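Single-structure report; data block below.
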Amino acid sequence: MRHVLTPDQELFQDTTARFLADRAPLSRLRKLRDDPAGYEPDYWRDGGELGWCMPLVGEDEGGGSVSGRGIVDLSLLAYEFGRHAAPGPLVDCNVVAAALSGQPGEMQQNALGEVLTGKAIAASCLGAAPWQELGKAGVTIRKDGSQLVISGSVRPVESASQASWLLVTGASDGGRTQVLVPASATGLEVRPLKSIDVTRRFGQVTFADVHVPESAIVGTFAEAEAQIAQQIRHAAVILTAESVGAMDSAFDMTVDWAFERYTFGRALASYQALKHRFADMKSWLEASHAISDAAADAVADASDTADEVCSAAKSYVGQQGVELAQDCVQLHGGIGVTYEHDLHFYLRRVTLDRLLYGTPAEHRRMIGSMQIKQDVMA
Amino acid sequence: MSEEIEPVEAFRLRAREWIKANLGPMQRWDMSQHCESDEEELEAVARDRMLQRKLYDGGFAGICFPKEYGGQGLTPDHNRAFSEELSGHEYPSRFSVPTFSPCASVLLEFGTPEQKAAHLPAILKGEEVWVQLLSEPGGGSDVAGITTRATRDGDHWVLNGSKVWTSRAWWADWGLILTRTNWDVPKHRGMTVFILPLQQPGVEISRIERLNGESESCEEFFTDVRIPDSDRVGEVDAGWTIGTRWMYHERLGHNSPYVTTPVGSKGQKSHEPSVVEIARKAGRLDDPAALELIGEHRALGIVTHELQRRIGDAAASGKGNKDLSSVDRVFRGLASVRRATIAFDLAGSDASVWDENCENPTDAVGMQFLMRQVSCIGGGTTEISRNVIAERVLAMPREPSGDKGVPFRDVPKGPNRSR
């Protein structure tokens, strides 16, 4: 994490850590693996009261952050989520809240108010991602008189079964469109999916020609590219900060193990072959902290390089987070692949975080395209 | 520091004016230390000496060196401001490292007033280029295991042995050398530092050709070279105290406040092709696999930069473990290896086999690939840095050693090492 925090940020982070340790300890999460939501009733609501979904929204709309740099505060929160492998749709609720912020529609403002307080859950259905060709998008949104028609299917969508509101991204003629759809809309179907993460829930959302009024639009028809880019940046910051938290937990418990576990009369920590692996992991860990913090700062500063830094973070932490967690499993030996041990919670966390909002390969190709564009202009 | 110091911003404006009026645009010689021939290199050296003299005459040489030794007596912030203003301009690049850091920095810290008066102004005027004589053919990472000996003879010392990996020694003027002066104490307690002119009888300098054809590094053989005791730096047998600071200044390198070197590149294009250019020449710009490699190359560059900043910030705030710099060293080494491999992959066969008559050859990429491990060897191997991270950052048990507490004479040495 950062070397310098404001006292308010420290308090915010500390409060979150204590809340998560109390309300969502691993012993409890282990038992909730077959629970439909993955957390106890009131958990998300109480988190909402702590301001979990507010950092990216201004005070005038009911949001607010402790430092005035909302995305940085949110990264501190996400880090604690990772450290505790905590459940709950932190990414999507914040991404959607930010997307709805400043939107004039009545439905949008109602949804925003509910999401901010933790009363309702929002999900993002990224049916036409920036790294996908428009023609290959899973979801389309077309105009039909004064209505918009949504068709297609998208997965994985986090907490799809729990969500009251869905921000749907689809391909339209000439660009991408985003609309806000209530989960109760006719023709919308959610099918729960199985996943490798026991603490989070995912679903597939299918739109069988779902009709919504034009007022459901978020932004402008076929011109949502800039706002989608901002949502990807927000998600990249939250997901990488969360992964770094999970990496820290996995690494710390593996270092402890290396000191405690003796073999051939020596601690594991005394073998040079293993020491060098720990050294490499430490370098990945420090680099992941560095790039994740840099991404949060770049977004907070609205820097010109924010896209590039966020994609660098998402691709680097995505790849190396999983490598680190798997190395931690290897260094634990057999105990590392048991359900009884805590390590797998962090392995699952980084593995899913790697996938959501663009894989390392997808983000590298986006950086590659930016590089070629810059080269052509130079 | 009690007298009034010029405010940084005023200094910056004055520097900007002076640079604009006196220095031309950055040249190929500034961007790469590599020259096509010895003649060209000597020409580049002569130009660097002239540029350093120009800085001195303009009142901008040795910004953080004391005034009494010809410097400006200003702060690291002034040096940084000047370095920023220097961006995109020609500058005496062959003086930065190792002349200013570590050599002049070590002299400033440990030299006698006479030594400082004799050499620091000469360095600042461009009259002396220095090299560091540290590594030996018998071992690189184990710096304190040196066997080059200096033996006392009245008010002189007699030097015998050899040093290696000394860049530019074939034309440089002076050297800072770590020697063994006492074989009857453990290794860290029997070393002494001296300074000596390089171009003198008894110092035989041979060039080492690297596998890429460059022969920038040298090996020096010393046979009964006489050094006056007045050229000893620090106390007899206390060389390791200096050595640790010496290596600290070496690690700082271009980041040292004693080194003035352009910051950033203000639109300057490096003479080396970008990976986008490499992919374009290979006709692979629309290949998704190539696009991914270009992105990975760039991402690693960004992560490397941010990691360096994080570790620098930790050091500045005094919160981080000081050995975290080894984390940076390992990361940079491995990232550089990966980036060289990506460039090589993108270039296709032209990086390995090329027509020398073609325009814009990519053969440099092939050579860089062959040389890629240098980033994990030079300045201390990544293996040593991994030991440092494990032992000093993560507090894991130290590796067993055969030389701890043993008189250096009795330390086991390989069959080819002198006793």
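Bear in mind that the values here come from a model prediction, so they are computed numbers and not experimental data. Letters A, B, ... are given to chains in the order of the sequence lines, protein chains preceding strands, and every chain is numbered from 1.
The minimum heavy-atom distance linking F259(A) with L394(B) is given by the pair CZ-O, 3.5 Å.
If you measure heavy-atom distances from E383(B) to chain A, the contacts under 4.5 Å come from both the backbone and the side chain. The contact between V327(B) and chain A is made by backbone and side chain atoms together, counting heavy-atom distances below 4.5 Å. For chain A, no part of V275(B) is nearby; none of its heavy atoms comes within less than 4.5 Å. Contacts of E362(A) with chain B are absent, with no heavy-atom separation under 4.5 Å from either backbone or side chain.
No more than 12 heavy atoms of other residues, nucleotides or ligands shown are found within 6.0 angstrom of CZ on R261(A). Sparse packing is recorded around CH2 of W165(B), with 12 or fewer heavy atoms of other residues, nucleotides or ligands lying under 6.0 Å away. For R80(B), the CZ atom is loosely surrounded, since the number of other residues' heavy atoms within 6.0 Å does not exceed 12.
Sorted by first then second residue, the salt bridge (charged side-chain N to carboxylate O under 4.0 Å, His left out) pairs that include residues 311-326 of chain A, not counting sequence neighbours, number zero.
Listed in order of number, the residues of residues 395-404 of chain B that approach chain A to under 4.5 Å between heavy atoms are A395(B), M396(B), P397(B), R398(B), E399(B). Residues of residues 265-282 of chain A lying within less than 4.5 angstrom of chain B, judged on heavy atoms, are A269(A), S270(A), Q272(A), K275(A), H276(A), F278(A), A279(A), D280(A), K282(A) in numerical order. Within residues 286-298 of chain B, the residues having any heavy atom less than 4.5 Å from a heavy atom of chain A are, in residue-number order, P288(B), L291(B), E292(B), I294(B), G295(B), E296(B), R298(B).
A distance of 9.0 Å separates OG in S283(A) from CD1 in I311(B), rounded to the nearest 0.5 Å. Once rounded to the nearest 0.5 Å, the distance linking CD of Q374(A) with OG of S274(B) reads 10.5 Å. The CG atom of L285(B) lies 11.5 Å from the CD atom of Q371(A); values are rounded to the nearest 0.5 Å. The structure places NE2 of H289(A) at 11.0 Å from CG of L307(B), a figure rounded to the nearest 0.5 Å. Distance CG/D293(A) to CD/E306(B): 9.0 Å, rounded to 0.5 Å.
Options V330(B), N387(B), L324(B), V388(B) differ in how many heavy-atom pairs under 4.5 Å they form with chain A, and the most are formed by N387(B).
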